[in-house]
Amino acid sequence: MTHSETLIRNADTILTMDDDRRKLTAADILIRDGVIHEIGSNLSTTGNTIDARGCVVTPGLVNTHHHLYQSMTRAVPGGQDALLFGWLQTLYPIWARFGPEEIYVSALTGLAELALSGCTLTSDHLYLYPNGARLDDTIAAARDIGMRFHPTRGAMSIGESDGGLPPDALVEREKDILNDSIRVIDTFHDAGEGAMCRVGIAPCSPFSVSRDLMRDAALLARDKGVMLHTHLAENDEDIAYSLERFGCRPGQYAEDLGWTGPDVWHAHCVKLDGAEIGLFARSRTGIAHCPCSNCRLGSGIAPIRAMRDAGVRVGLGVDGSASNDTGNLMAEARQAMLLQRVARGADAMSTREALEIATRGGADVLGRPDCGRLSLGKRADIAIWDTTGIDSAGSWDPAALLLAGPTRVKHLLVEGRQIVSDSQFQSIDLPSTLQRQRQLARALQT
Ligand SMILES: [Zn+2]
């Protein structure tokens with residue numbers, strides 16, 4: 001039987017994020033059939049070789065929260081300086097004009113941006129389906145670029161006429177939401193090790209769907225063995241809404257409706273209190289921390305130090321490109337580190353811990369212990385960072401990537417396949433993708 005092999009040779013440093021968090025120097029990684037086959041020195045192959053001299057090698061970064069479609073509505077003037085609810089009300093009418101092509105092209109652009117920042121596995125939260133758009137459009141984009149993808153079938157069902165935030169044109173009937181969730185799970189979800197596509201269920205937030213839909217979504221997810229995702233406790237308005245409408249805090253609301261457990265992860269959680277942190281730790285519920293978005297929308301500083309100390313599983317997310325407005329996951333990891341230092345002092349989070357959150361932390365939150373670390377038998381999702389460039393020139397510790405290193409990857413491998421080589425895509429034509437993205441964004445402005 002012939003195997004497909006790739007050898008990464010002579011890396012200056014490998015930050016493995018394995019169980020012992022080993023840091024190796026002058027080492028090689030041999031990949032066979034998409035899996036890490038051997039790590040050591042002086043390894044050889046008859047297959048492809050990637051020279052990693054002058055480079056730091058890390059696991060591919062994992063993005064646990066995004067709305068890829070928003071890459072087409074970055075820096076929209078009316079939303080640049082608004083708080084969350086006002087920001088949403090500015091953007092909803094624009095998003096209502098999207099269709100399948102806007103969803104596909106914006107997803108491809110967003111995925112490409114993530115890949116160049118070292119991301120190999122991303123989730124996506126698509127909660128509006130205007131004009132015939134489907135989750136399938138984003139899955140096609142991920143397949144075309146070759147990234148590992150966890151799309152979630154999001155939803156909104158309470159429109160303005162029912163006291164909700166989104167316009168009625170963007171909400172769906174709850175029966176249709178559940179039926180389409182079943183369709184996309186049955187069509188695309190792969191539960192196996194090494195899966196390239198896993199589907200989750202993700203009502204947009206407690207303020208855009210009913211209590212019944214939250215409960216039914218949890219029942220359906222458990223029945224199908226897929227994960228659950230939503231936005232939770234994002235800012236003070238969010239907490240006030242929960243207290244007023246549901247008579248309880250978001251943690252209680254989540255627990256009552258079956259929205260805690262190792263198969264659940266919540267975005268933001270900026271405003272979780274001590275009891276809620278305890279609940280999430282006990283129930284092994286995951287968090288997608290989105291520091292740039294939280295800064296951009298003035299939501300606050302999520303208590304990540306307290307969460308990690310309590311044993312809460314934490315991953316990192318860039319959040320949608322309309323509230324970041326970039327999608328650079330490496331820069332996001334640096335922001336996570338800086339924000340905890342603002343809140344708790346310079347020793348609150350090390351570069352290594354922030355990178356761990358961005359790699360194995362995110363993989364664990366997404367239920368992917370087969371990803372996010374470089375050790376034998378794990379998937380060969382690998383980011384290679386050139387530390388001979390201007391970013392690292394003069395650095396005494398190039399492996400401290402989040403202090404000085406590059407935020408754009410040199411090479412990127414997903415399942416052992418090289419999708420970025422010398423910072424250029426092998427799988428897609430990026431210039432024509434960006435040209436179409438600009439054309440469609442301009443058309444939405446008129
Ligand atoms: Zn979000």
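In what follows, residues are counted from 1 in the order of the sequence shown. These numbers were taken from a predicted model, which means no experiment stands behind them. Values below: all heavy atoms of this structure, side chains included; hydrogens, waters and symmetry mates excluded. Order of appearance sets the numbers: ligands from 1, and atoms from 1 within every ligand.
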(message) Can you tell me if, anywhere in His268, an N/O/S atom lies at a distance from the Zn ion (ligand 1) that is smaller than 2.8 Å?
(response) no

(message) For the backbone of Pro369 and the side chain of Lys378, can you confirm whether one donor and one acceptor N or O come within less than 3.5 Å of each other?
(response) yes

(message) Between Glu356 and Arg308, does any side-chain N to carboxylate O distance fall below 4.0 Å?
(response) yes

(request) State whether His67 contributes an N/O/S atom found under 2.8 Å from the Zn ion (ligand 1). (result) yes

(request) Output the atom name for the N/O/S atom of Asp319 with the smallest distance to the Zn ion (ligand 1). (result) OD1

(message) Below 2.8 Å, can you find an N, O or S atom of His125 next to the Zn ion (ligand 1)?
(response) no

(message) With a 3.5 Å distance limit and no angle check, can you tell me whether Ser321 reaches the backbone of Thr326 through a side-chain donor-acceptor pair?
(response) no

(request) Examine distances only and state if a side-chain atom of Ser350 and a backbone atom of Glu353 form a donor-acceptor pair shorter than 3.5 Å. (result) yes

